[in-house]
Amino acid sequence: MNKKEQFVITINRELGSGGRTVGEKLAKRLEVPFYDKAVVKALTKELNLTVEEIERLKGKKVKWWTDFQRMVAPFYDTARLQYYQINEIGEPEVLTSAELFRTESKILSDIGAKESCIIAGRSGFFIFRDHPNHLSILIQAPVECRIQRVMEKQSLSREQALKNIKRVDKWRENYIKKYTNTSRYDTRNYDLVINMAGLSEDDAVSIILDYIEKSNH
């Protein structure tokens with residue numbers, strides 16, 4: 001991946017691995033926007049966007065991207081994002097409808113076509129598989145590390161944390177299999193796989209930046 005040209009970095013991560021924080025820190029280091037599932041989900045559900053409506057927006061307005069970014073901005077509100085994160089961990093949703101998946105894919109594709117960015121979660125590794133300047137990353141961690149992180153972040157007992165991890169793991173794997181016909185654990189889908197055992201989020205960011213630098217030589 002060449003960071004001097006427009007790029008897309010996608011990060012898949014296990015619940016409790018710290019992958020979302022890694023993505024946020026990496027975005028700050030690279031000075032690019034960070035998008036995660038909460039933002040895309042808020043757009044599709046609260047603004048009732050569809051693929052057709054996105055195309056209509058693009059067709060009617062020369063500055064459609066500016067308008068789109070203006071719509072995205074409010075959903076970075078901390079309270080709103082926290083709501084979605086808690087809901088995801090506490091009550092995994094039923095599998096997304098095919099139409100919603102199509103809309104989310106369209107939103108992400110349009111974002112990646114317009115600006116360098118980092119996208120966490122969903123099926124970004126699949127959506128951008130043919131992007132000419134794409135880096136795909138998987139963040140994992142030992143189950144005990146994940147349990148401790150979820151316990152601390154969500155104030156849960158060990159039993160509750162483990163239950164949520166298993167539930168979300170199953171939901172995410174089913175989602176990926178249903179819409180991409182592959183497994184999120186298939187390392188062939190990624191350029192870089194990081195095990196967070198013994199690493200901090202800053203360590204992971206350094207590893208990614210070092211990989212980017214070396215891949216350019």
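Reckoned from all heavy atoms, side chains included, excluding hydrogens, waters and symmetry mates.
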Pairing of Arg158 and Glu144 as salt bridge, 4.0 angstrom limit: yes
Donor-acceptor under 3.5 Å (Asp169 side chain, Lys166 main chain): no
Nearest-0.5 Å distance that lies between atom CG in Leu26 and atom CG in Leu135: 8.5 Å
Ion pair check, Lys28 and Glu24, cut-off under 4.0 Å: no
CA sep, side-chain torsions, deciding dist, call: Ile137, Ile9, side chain to side chain contact (heavy atoms under 4.5 Å, CB included): CA-CA 8 Å; Ile137 301 170; Ile9 298 176; 3.8 Å; yes
Contact check, side chains of Tyr35 and Ile118, non-hydrogen atoms, under 4.5 Å: no
Side-chain donor or acceptor of Ser215 paired with backbone N/O of Tyr211 under 3.5 Å: yes
Under 3.5 Å: donor-acceptor pair, side chain of Gln160, backbone of Ser157: yes
Between Thr21 and Arg149, a side-chain donor and acceptor under 3.5 Å: yes
Check against salt bridge (Lys or Arg N to Asp or Glu O under 4.0 Å), Lys114 and Asp110: CA-CA 6 Å; Lys114 289 293 180 179; Asp110 282 344; over 6 Å; no
Ser206-Asp203 side chain donor-acceptor pair, cut-off 3.5 Å: no
Backbone of Ile119 reached by a side-chain donor or acceptor of Thr10 within 3.5 Å: no
Where Phe34 and Ala120 come nearest, the two heavy atoms and their spacing: CZ-CB, 3.7 Å
Donor-acceptor contact below 3.5 Å, side chain Ser17 vs main chain Glu14: yes
Reported CG-to-CZ distance for the pair Asp202 and Arg29, which is rounded to 0.5 angstrom: 8.0 Å
Interatomic distance, Met1 atom CE to His134 atom NE2 [nearest 0.5 angstrom]: 10.0 Å
Heavy-atom pair of closest approach, residues Ile176 and Thr182: CG2-O, 3.5 Å
Minimum heavy-atom distance Asp186-Arg188, with the two atoms named: OD2-NH2, 2.8 Å
N/O donor-acceptor pair under 3.5 Å between Arg129 side chain and Phe126 backbone: yes
Nearest-0.5 Å distance, CD1 of residue Ile165 to CG of residue Leu156: 9.5 Å
Test log, rule side chain to side chain contact (heavy atoms under 4.5 Å, CB included), inputs Phe125 and Ile11: CA-CA 8 Å; Phe125 73 88; Ile11 298 178; over 6 Å; no
Cation-pi check, Arg172 onto Tyr175 ring (under 6.0 Å, within 45° of axis): no
Check: Ser136 side chain, Asn189 main-chain N or O, donor-acceptor pair, under 3.5 Å: yes
Pairwise side-chain contact, Asn2 with Ile212, heavy-atom cut-off 4.5 Å (strictly under): no
Asn195 (side chain) donor-acceptor with Ala141 (main chain) under 3.5 angstrom: no
Leu209 side, atom CG; Lys3 side, atom NZ - distance, nearest 0.5 Å: 6.5 Å
Main-chain N/O of Leu138 paired to Arg184 side chain as donor or acceptor, under 3.5 Å: no
Rounded distance [0.5 Å steps], CD1 in Ile127 versus CG in Leu108: 4.5 Å
Trace of the side chain to side chain contact (heavy atoms under 4.5 Å, CB included) decision for Tyr185 with Glu173: CA-CA 8 Å; Tyr185 299 109; Glu173 176 68 353; 3.6 Å; yes
Salt-bridge present (Lys214, Asp210; N to O < 4.0 Å): yes
Derivation of the side chain to side chain contact (heavy atoms under 4.5 Å, CB included) call for Met196 and Ile139: CA-CA 7 Å; Met196 294 295 291; Ile139 305 290; 3.5 Å; yes
Backbone of Ala113 reached by a side-chain donor or acceptor of Gln6 within 3.5 Å: yes
